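Note sheet for the following structure.
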Amino acid sequence: MDISPKPLDKSFYNQGTLQLAQSLLGQLLLKETDDGIASGFIVETEAYIGPDDRAAHSFNNRRTKRTEVMFGEPGNAYTYTMHTHCLFNVVSGNVNRPEAVLIRGIEPHQGQDLMGKRRPKAKKKIQWTNGPGKLAKALGITMDDYGHPLDKHPLWIAQGKILKDDEILSGPRIGIDNSGEAKDYPWRFWIKGNNFISR
DNA sequence: CATCGGATGGACT
DNA sequence: GTCCATCCGATGG
């Protein structure tokens, strides 16, 4: 019997990136490996809207092996390495619109024993998934997931909690101080009062 | 080729 | 607060 939550339809990703960044809040992100399923509710996101966003890897339509997937269909995984870590994004925007939503925080749901094992250095549960590199590690997301369609096993997004508008807050994005005007754009979104916000 | 700088996290002072 | 692991892409010679 398959009890895994059903993926959201691909059409879900066909909405503006700022709106998608908010729509993703509360949704369930799942990854299945040989060790089992681990999942969590998305609680913090950031929108990156190339080519006009200095903070986006796709700024100025910069097209490389790394950013290539952003130029394709929305609803695929954009993973990249930041120093020693893998970060996970949801590709948005139509073909040739290189936009994405970075997932910065999740609230652990299924497979919490597995997540704890994957985060041996975390002293507290809160540190398992309150940051983009942390949650990728906890879920077992790696560069092997680059380009994976998010409506399919083994990495997918399913319907989670329905939020009210007043539960969503926004503010400037994290870690992009050298991005000129773009550093102040309020393109970071999070669920009010949630414990698994990165900061 | 060399060098530099990150959409980070963890260890340490 | 500081330092650094370790990789990819940008830039300059």
Side-chain angles (χ1 to χ4, degrees), chain A residues 16-18 20-22 24-25 29 31 38 40 42-72 74 76-93 97-108 115-148 150 155 157 169-191 194-199:
Chain A
T17 297
L18 291 176
L20 180 65
Q22 295 166 79
L24 281 167
L25 293 174
L29 174 63
K31 170 84 195 247
I42 297 169
V43 302
E44 182 183 353
T45 62
E46 281 179 1
Y48 286 86
I49 310 183
D52 301 317
D53 176 5
R54 284 268 311 260
H57 295 152
S58 53
F59 174 62
N60 231 1
N61 276 320
R62 177 174 289 149
R63 191 164 186 158
T64 65
K65 194 168 185 177
R66 177 172 71 155
T67 62
E68 183 62 31
V69 71
M70 297 175 81
F71 288 82
N76 294 328
Y78 168 43
T79 51
Y80 74 96
T81 50
M82 178 59 179
H83 293 270
T84 54
H85 309 284
C86 177
L87 275 63
F88 169 73
N89 299 246
V90 176
V91 173
S92 66
R97 300 282 182 158
E99 309 178 4
V101 177
L102 171 68
I103 308 301
R104 289 193 58 91
I106 66 169
E107 178 183 322
M115 292 195 219
K117 277 184 202 162
R118 285 169 173 160
R119 300 280 300 121
K121 289 167 185 173
K123 300 276 184 283
K124 304 188 229 169
K125 177 177 169 182
I126 207 77
Q127 299 167 320
W128 293 356
T129 55
N130 66 340
K134 299 177 193 178
L135 71 89
K137 188 98 186 294
L139 289 178
I141 296 173
T142 69
M143 286 307 292
D144 289 343
D145 294 307
Y146 181 89
H148 178 80
L150 296 171
L155 174 62
I157 294 174
L169 299 182
S170 64
R173 294 170 293 178
I174 303 294
I176 55 160
D177 288 346
N178 292 334
S179 299
E181 291 293 305
K183 77 179 173 61
D184 297 319
Y185 297 169
W187 290 355
R188 173 179 173 235
F189 303 94
W190 66 93
I191 298 178
N194 191 279
N195 289 330
F196 293 88
I197 307 304
S198 61
R199 65 179 80 167

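Labels below follow one simple rule: chain letters A, B, ... track the order of the sequence lines, proteins then strands, and each chain is numbered from 1. Model, not experiment: these values are computed from the prediction.
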Just to verify, what does A:Thr17 make a side-chain contact (heavy atoms from CB on, under 4.5 Å) with, not counting sequence neighbours?
A:Ala47, A:Ile49, A:Ser92, A:Glu99, A:Val101
What residues, two or more places apart in sequence or in another chain, satisfy side-chain contact (heavy atoms from CB on, under 4.5 Å) together with A:Asn61?
A:Pro51, A:Phe71, A:Pro98
Nearest-Å distance, [atom1] ([X]) to [atom2] ([N])?
X: A:Tyr78; N: C:dG9; atom1: OH; atom2: C1'; answer: 10 Å
X: A:Arg54; N: C:dA10; atom1: CZ; atom2: C1'; answer: 14 Å
X: A:Ile176; N: B:dT8; atom1: CD1; atom2: C1'; answer: 15 Å
X: A:Arg62; N: B:dG6; atom1: CZ; atom2: C1'; answer: 12 Å
X: A:Phe59; N: C:dA10; atom1: CZ; atom2: C1'; answer: 14 Å
X: A:Ile174; N: B:dG9; atom1: CD1; atom2: P; answer: 11 Å
X: A:Asp177; N: B:dT8; atom1: CG; atom2: P; answer: 10 Å
X: A:Leu87; N: B:dG6; atom1: CG; atom2: C1'; answer: 11 Å

Across the strands shown, which category fits [X] at heavy-atom distances under 4.0 angstrom: base, sugar-phosphate, nothing?
X: A:Leu102; value: base
X: A:Arg199; value: nothing
X: A:Asn178; value: sugar-phosphate
X: A:Arg173; value: nothing

Carboxylate-amine/guanidinium contact A:Arg54 A:Glu181, below 4.0 Å
no
So, does A:His57 get its side chain near the phosphate of B:dA7, meaning an N or O under 4.0 Å from OP1 or OP2?
yes
So, is A:Arg104 close to the B:dT8 phosphate, meaning a side-chain N or O under 4.0 Å from OP1 or OP2?
yes
Is there a side-chain contact between A:His85 and A:Lys137, using heavy atoms and a 4.5 Å cut-off?
no
Between A:Asp53 and A:Arg173, is any pair of side-chain heavy atoms under 4.5 Å apart?
yes
Protein-proximity profile, nucleotides 1-7 of chain C, B/S/- by nucleotide at the 4.0 Å heavy-atom cutoff, equals ----BB-
If we ignore hydrogens and angles and just use 3.5 Å, is the side chain of [X] paired with the main-chain N or O of [Y] as donor and acceptor?
X: A:Arg119; Y: A:Thr129; answer: no
X: A:Glu68; Y: A:Lys65; answer: no
X: A:His148; Y: A:Leu155; answer: yes
X: A:Thr67; Y: A:Arg62; answer: yes

I need the minimum non-hydrogen distance between [X] and [Y], along with the two atoms involved.
X: A:Trp187; Y: A:Leu18; result: CD1-CD2, 3.4 Å
X: A:Ser170; Y: A:Pro186; result: CB-O, 4.0 Å
X: A:Ile191; Y: A:Ile42; result: CD1-O, 3.7 Å

Answer yes or no as to whether B:dA7 has its base stacked against A:Tyr80, where stacking requires a ring-centre separation under 5.5 angstrom and planes under 30 degrees apart.
no
Can you tell me how far the CD atom of A:Gln127 sits from the CZ atom of A:Phe196, to the nearest 0.5 Å?
10.5 Å
Can you name the one residue among A:Val91, A:Asp145, A:Val90 that meets side-chain contact (heavy atoms from CB on, under 4.5 Å) with A:Leu150?
A:Val90
For nucleotides 11-13 of chain B, list the nitrogen or oxygen atoms of the protein found under 3.5 Å from its nitrogen or oxygen atoms, one pair per line.
none

Mind listing the residues from residues 124-134 of chain A sitting with a heavy atom below 4.0 Å of DNA chain B? Number order is fine.
A:Gly131, A:Pro132, A:Gly133, A:Lys134
5' precedence on DNA chain B between A:Arg119 and A:Ala100 (nearest-nucleotide basis):
A:Ala100
Rounding to an integer number of angstrom, what distance separates B:dA7 and C:dG1 when you compare their C1' atoms?
22 Å
Angle class for the A:Tyr80/A:Tyr78 ring planes (parallel below 30°, perpendicular above 60°, tilted otherwise)?
parallel
In dot-bracket form, how is DNA chain B paired, counting a Watson-Crick or G-U wobble pair only if both its distances are under 3.5 Å and using | for bases paired to another strand?
||||||.|||||.
